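Read through the structure below, which is laid out as structure tokens, and then see the notes.
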Amino acid sequence: MTNYKKTKHQLKGEIKNISCGDEYCRITIEAPAMCQVAEPGQFVMVRAAEEKSNDPLFRRPFSIHQVADGLLTIIFKIVGRGTRNLAKMKTAELLDVIGPLGKGFHVANMQRHYLVGGGMGIAPMHFLAESIYKQHPESEIIALLGARTAKELDAFAHLNSLGYLQVATSTDDGTSGHHGLVIDLLEQSVAARGSGAVYCCGPGPMMKAIALFCKDKKMPCQVSLETVMACGVGACLGCAVSGADVIGDGYLHVCKDGPVFEAAKIWV
Amino acid sequence: MTNYKKTKHQLKGEIKNISCGDEYCRITIEAPAMCQVAEPGQFVMVRAAEEKSNDPLFRRPFSIHQVADGLLTIIFKIVGRGTRNLAKMKTAELLDVIGPLGKGFHVANMQRHYLVGGGMGIAPMHFLAESIYKQHPESEIIALLGARTAKELDAFAHLNSLGYLQVATSTDDGTSGHHGLVIDLLEQSVAARGSGAVYCCGPGPMMKAIALFCKDKKMPCQVSLETVMACGVGACLGCAVSGADVIGDGYLHVCKDGPVFEAAKIWV
Amino acid sequence: MGIGRPDLTVAIGDWQLANPIMTASGTFGYGAEFADFVNLNRLGAIVVKGVSVKPRIGNPPPRIVETACGMLNAIGLENPGIEKFLTDKIPQLKKYTCGIVVNILGDSLEEYCTLAERLNETDITAIEVNISCPNVKKGGVAFGTDAKMVYDVTRCVRERSDKPIIMKLSPNVTDIAAMAAAAEEGGANAVSLINTLLGMAIDIRARRPKLANKVGGLSGPAIKPIALRMVWQVAQRVKIPVIGIGGISTVEDVVEFLLAGATAIQIGTANLVNPKAAEELIDGLENYLLENKIASVKELINGLIT
Amino acid sequence: MGIGRPDLTVAIGDWQLANPIMTASGTFGYGAEFADFVNLNRLGAIVVKGVSVKPRIGNPPPRIVETACGMLNAIGLENPGIEKFLTDKIPQLKKYTCGIVVNILGDSLEEYCTLAERLNETDITAIEVNISCPNVKKGGVAFGTDAKMVYDVTRCVRERSDKPIIMKLSPNVTDIAAMAAAAEEGGANAVSLINTLLGMAIDIRARRPKLANKVGGLSGPAIKPIALRMVWQVAQRVKIPVIGIGGISTVEDVVEFLLAGATAIQIGTANLVNPKAAEELIDGLENYLLENKIASVKELINGLIT
Ligand SMILES: Cc1cc2nc3c(=O)[nH]c(=O)nc-3n(C[C@H](O)[C@H](O)[C@H](O)COP(=O)(O)OP(=O)(O)OC[C@H]3O[C@@H](n4cnc5c(N)ncnc54)[C@H](O)[C@@H]3O)c2cc1C
Ligand SMILES: Cc1cc2nc3c(=O)[nH]c(=O)nc-3n(C[C@H](O)[C@H](O)[C@H](O)COP(=O)(O)OP(=O)(O)OC[C@H]3O[C@@H](n4cnc5c(N)ncnc54)[C@H](O)[C@@H]3O)c2cc1C
Ligand SMILES: Cc1cc2nc3c(=O)[nH]c(=O)nc-3n(C[C@H](O)[C@H](O)[C@H](O)COP(=O)(O)O)c2cc1C
Ligand SMILES: Cc1cc2nc3c(=O)[nH]c(=O)nc-3n(C[C@H](O)[C@H](O)[C@H](O)COP(=O)(O)O)c2cc1C
Ligand code: FES
Ligand code: FES
């Protein structure tokens with residue numbers, strides 16, 4: 001095992017900053033080793049039980065929202081016991097994290113990039129936008145962000161201030177941006193600006209619609225899937241999902257083969 | 001069930017004050033209904049897991065340290081998961097408590113009272129001293145407090161400032177008061193002042209020694225026992241202990257028949 | 001169905017319960033212990049601590065151990081014996097308007113028969129037969145682990161009593177549905193399951209079992225998945241009502257057991273942790289039905305789609 | 001005994017393990033998945049994910065559910081099949097200096113025999129036989145629930161292989177010690193226990209089982225008391241070494257299982273929650289022995305005072 005380089009780490013990251021509202025929480029930890037190897041679309045798994053408690057048992061997966069200067073940030077919605085526990089943590093406490101995990105987004109060598117996020121699926125888009133910008137500073141980077149209501153977009157307001165990123169929003173109730181679905185924004189944008197690479201993370205039906213739209217338009221499309229996970233490292237085989245071709249290849253495993261997949265691998 | 005009066009309550013008591021060091025913790029909650037019926041030597045049982053977590057499962061029993069103006073105080077040592085969780089709570093959070101539970105100390109109609117506490121067994125003595133003083137203001141009330149080292153007595157420093165209470169201490173290492181056992185203090189006091197009612201709470205061997213001393217001196221002695229408890233209300237029969245006469249009466253149940261017993265019921 | 005209150009009643013044979021929530025034997029004393037916390041009259045039924053022919057002082061301490069999301073108990077079936085139970089406890093229990101189920105246990109077939117006979121003279125609601133006890137005449141093999149013995153106990157209790165008979169099954173078996181079928185064949189009106197799973201914990205400092213009795217029964221949320229599976233298996237096998245027990249502590253748990261085929265459920269360890277649990281779950285179940293616009297709890301029973 | 005390092009080695013027949021800590025089948029992949037977290041060479045042994053004659057794609061999702069202090073899994077024994085295993089996985093596994101145990105499973109007696117024979121040609125350390133699988137020729141009854149079938153599988157595997165044979169017992173039985181005895185009689189070198197307990201969870205909104213497979217295996221801290229009891233019962237019954245499995249996640253847990261009679265133990269679900277668990281427990285066990293001035297881990301084995 002000479003020359004062996006670790007790509008995954010387990011560490012107790014000191015919380016540098018935590019800001020939680022009733023619905024969302026943003027935590028930044030010190031995790032230089034992870035930041036060095038992380039790629040956009042990858043995720044971390046966080047222990048969410050009290051020390052020595054086994055309830056809840058599983059770690060919780062969260063997309064890497066941003067890495068900068070050895071600091072890693074996640075943003076999550078408070079939906080259940082695990083996220084509630086995490087939201088109670090305080091600055092200087094240690095977060096038990098493993099990562100970076102899984103296969104992230106592949107930055108396409110194209111002139112136009114559509115980052116399509118729905119709800120908490122917006123979380124990985126900051127890191128992704130930054131990476132695309134670094135690799136293709138001349139390219140057009142467009143974030144299309146959908147949510148149920150304007151409030152859901154608050155956690156991601158800072159995306160508006162990234163100079164290289166053009167942001168458009170849609171909400172189901174019309175409280176921010178386009179009154180309707182985020183796929184409408186994509187259709188409009190593609191019609192107006194032309195095709196590009198699509199990177200998508202959000203609810204299943206939204207991703208499927210976008211995947212089929214891209215297939216129709218012959219645009220490359222990557223989607224980031226969610227499932228319940230136990231290990232996050234490809235060992236338990238618990239995170240299986242049916243791909244487009246279940247019988248041939250068997251099931252796909254989100255934590256190892258994904259979470260990001262070529263859309264065509266999932267939906268035909 | 002007319003005229004039926006509740007003697008036990010379950011409530012979420014707002015934490016009015018919490019001060020925790022590395023080893024001990026003192027929590028005061030709002031619990032008027034409990035304060036109204038509580039008697040010294042009784043205890044409460046506190047939920048010590050995160051909301052909706054079942055680990056640790058059992059409530060934790062703590063003696064009532066003091067009641068005043070609808071506020072109930074407990075003092076506990078941080079020894080394991082439950083107490084560690086409790087020590088993390090904050091002012092204004094709600095503590096899930098049931099109580100008052102069990103049979104407390106019976107205040108003897110005597111002129112002299114020895115309150116003998118060992119380690120965290122000192123916890124119930126404040127409430128007891130106050131009650132004795134209220135019922136027998138003219139009587140002599142002596143607290144004999146034993147600990148391993150002076151630091152262990154810090155949590156109870158305030159007992160020194162009760163005007164009606166005479167306090168003497170002993171430590172195993174001589175860092176406070178008498179260098180030796182608390183039973184030495186009792187023997188000396190009884191020799192010097194004369195006999196009285198003895199109320200005892202502390203480690204088993206200490207209580208047994210004191211019980212046998214009292215038997216010898218023909219002084220009434222009450223002891224407060226500890227066991228693991230599940231329900232605290234006499235339902236599960238889990239808190240059984242062997243009394244002096246196991247076969248005749250069967251086992252005693254600490255949460256219902258105690259925690260305070262006539263010493264003769266336990267040791268012959 | 002309008003905005004009326006949902007119907008919580010369920011039936012076990014001719015016995016109509018106000019709601020499907022009972023308290024499990026050994027975790028609710030004789031009811032009175034919880035009178036400060038719960039309006040006992042609202043319960044579907046109280047199942048009292050197991051009673052035997054002779055008084056039993058129970059096992060020496062320690063009797064309970066906390067485990068991950070559960071507990072071990074080896075109480076040793078401490079109880080005052082049937083005679084003292086009839087004179088001391090029955091009058092008190094009569095005051096409650098809810099169903100009163102008496103849980104019985106024995107060392108031998110004859111003891112079960114005797115208990116059933118004595119209780120038949122009282123006006124309790126039903127008898128629950130705990131067959132997790134060792135049969136001393138059969139080398140200490142638990143009655144509940146052998147279909148023939150399950151049948152025999154059921155028969156004898158059936159013959160001595162007109163009360164509804166609930167056979168309480170042990171989970172420490174290869175095929176619990178076979179035991180349920182034996183109980184049904186023997187004439188039981190219902191089966192309840194599960195009793196505790198045999199477990200152990202060791203004090204590594206003393207190098208001794210933590211329980212004086214060495215082994216004890218595991219209960220609490222930890223065992224819920226096992227209990228639910230067994231209830232589902234049994235409900236598919238027998239026609240008599242099934243009463244679900246094991247780790248139930250939330251409304252979701254109650255609904256899961258009903259969907260799996262339970263007609264009623266019992267709350268055990270949850271009472272110890274939260275003395276108001278049983279009543280809170282009645283309210284919770286009612287709210288659940290209201291919110292989901294379900295007119296009757298009976299619509300949930302056996303509602304699992306597989 | 002001085003200040004030397006305590007002796008962690010244990011023996012299973014002729015097989016000398018550096019320490020008693022193995023990783024349990026299905027929770028540690030093929031080792032490589034944990035190479036970033038654990039120094040694999042330090043492990044007592046890696047037990048790889050179960051392998052069958054033919055490749056299996058496993059059960060449809062959802063395959064796992066979190067439960068109170070535990071989890072349910074119904075992976076469906078997804079694996080590449082023995083041929084691909086031999087060509088793809090064995091070369092990689094050979095690089096590790098720790099023991100390599102291959103867990104095998106079959107639908108029929110013949111499949112077990114075939115697998116044992118194929119593996120006998122390799123230089124793996126030992127074979128662990130998962131008999132919790134249904135025997136399709138016997139109406140789907142699990143091999144591990146019938147003493148005769150346990151004996152038969154053990155015999156056939158024994159005859160086809162010179163490797164140490166570990167029979168992995170199912171806990172879903174009335175008398176697990178009888179199964180262990182059948183394995184011993186069949187010529188097993190060791191038994192390992194427990195595999196998962198059959199359980200279930202229901203999605204109350206969809207009114208469907210949470211697992212596509214309906215039922216699944218319960219593992220994790222929740223089941224530890226049951227596993228420990230079974231290990232103790234089995235260790236009293238058989239003379240061959242016992243490997244303890246079930247909910248082990250702390251050093252105290254490891255010591256409990258050793259005291260109960262286990263010669264070695266396997267870490268399962270704990271690996272999923274804490275990928276460094278196995279190595280941390282080796283260090284923890286060593287420290288425990290040091291602090292308690294115990295020269296050899298063998299002093300703990302079967303050290304329970306009852
Ligand atoms: C690769 C990946 C990346 C993710 N990134 C983010 C993110 O950046 N921000 C964010 O807010 N959320 C993200 N999620 C979802 C997040 O993991 C869940 O919301 C979280 O685990 C819920 O935990 P809980 O204990 O609070 O909820 P629970 O009480 O466990 O359950 C509440 C709800 O969350 C779902 N859930 C529970 N556990 C998981 C799990 N392990 N995986 C998926 N869903 C689960 C349940 O089905 C239930 O509907 C991601 C999920 C995956 C798989
Ligand atoms: C009637 C009564 C009154 C008590 N009053 C006080 C008090 O005023 N102040 C105080 O500091 N302590 C008191 N105790 C002891 C206190 O209950 C335990 O220290 C506490 O429950 C430990 O919880 P834990 O989760 O932190 O420890 P755990 O991690 O559970 O265990 C740590 C240690 O505490 C012991 N312990 C665990 N649970 C219990 C239990 N339910 N009962 C007794 N011991 C237990 C264990 O055996 C172990 O040695 C009292 C106990 C009883 C029975
Ligand atoms: C402390 C305790 C005492 C019990 N005593 C009895 C009993 O006397 N008779 C009986 O049939 N079951 C008894 N049980 C089993 C429970 O009634 C119930 O079947 C079991 O605990 C599983 O349910 P739970 O997980 O909700 O507790 C007892 C359980 C506990 C925890
Ligand atoms: C996700 C998962 C997959 C498993 N796969 C197998 C397997 O392929 N073969 C096997 O014999 N046991 C398998 N098991 C059972 C474990 O090896 C172990 O016996 C069981 O989980 C109990 O141990 P634990 O509580 O430490 O996890 C699996 C367990 C889990 C959780
Ligand atoms: S979560 Fe374990 S393999 Fe993906
Ligand atoms: S703790 Fe339940 S009876 Fe005392």
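Just the heavy atoms: all of them, side chains too, but no hydrogens, waters or symmetry mates, feed the values below. In this text, all values refer to a predicted model and were calculated from it rather than measured experimentally. Lettering follows sequence order; numbering is per chain, from 1.
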Only one of B:T227, B:V228, B:L237 forms a side chain to side chain contact (heavy atoms under 4.5 Å, CB included) with C:I64, so which one is it? B:V228
Begin with the C-alpha distance, continue with both residues' side-chain angles, and end with the deciding distance and a verdict on side chain to side chain contact (heavy atoms under 4.5 Å, CB included) for C:R63 and B:Y251. CA-CA 11 Å; C:R63 292 180 170 186; B:Y251 295 98; 3.2 Å; yes
For C:D107, give me all partners under side-chain hydrogen bond (donor to acceptor under 3.5 Å, both in side chains), at least two apart in sequence or on another chain. C:R56
Heavy-atom pairs under 4.5 Å with chain B: which of C:N274, C:T269, C:N271 has the most? C:N274
Tell me yes or no: between the side chains of B:N54 and C:S249, is some donor less than 3.5 Å from an acceptor? no
For C:F28, which atoms come within 4.5 Å of any heavy atom of chain B: side chain, backbone, both, or neither? backbone
Spell out the residues in residues 55-86 of chain B that have some non-hydrogen atom less than 4.5 Å away from a non-hydrogen atom of chain C, in order of number; otherwise answer 'none'. B:D55, B:P56, B:L57, B:F58, B:R59, B:R60
For the interface with chain C, which of B:A240, B:C236, B:A235, B:S53 has the highest count of heavy-atom pairs at distances below 4.5 Å? B:A235
Any side-chain donor near an acceptor of the partner, B:Q10 and C:D36, under 3.5 Å: no
Tell me, side chain or backbone of C:N59 under 4.5 Å from chain B's heavy atoms, or both, or neither? backbone
Between B:A49, B:A230, B:C239, B:G232, who has the most heavy-atom pairs with chain C when the cutoff is under 4.5 Å? B:A230
Considering heavy atoms only, which positions within residues 65-94 of chain C lie below 4.5 Å of chain B? C:V65, C:E66, C:T67, C:A68, C:C69, C:G70, C:M71, C:I75, C:E78
Select one option (side chain, backbone, both, neither) describing which atoms of B:M229 are under 4.5 Å from chain C's heavy atoms. backbone
Proximity of residues 17-27 of chain C to chain B, residues having a non-hydrogen atom under 4.5 angstrom: C:G26, C:T27
With only heavy atoms counted, which part of B:I98 is less than 4.5 Å from chain C, the side chain, the backbone, both or neither? side chain
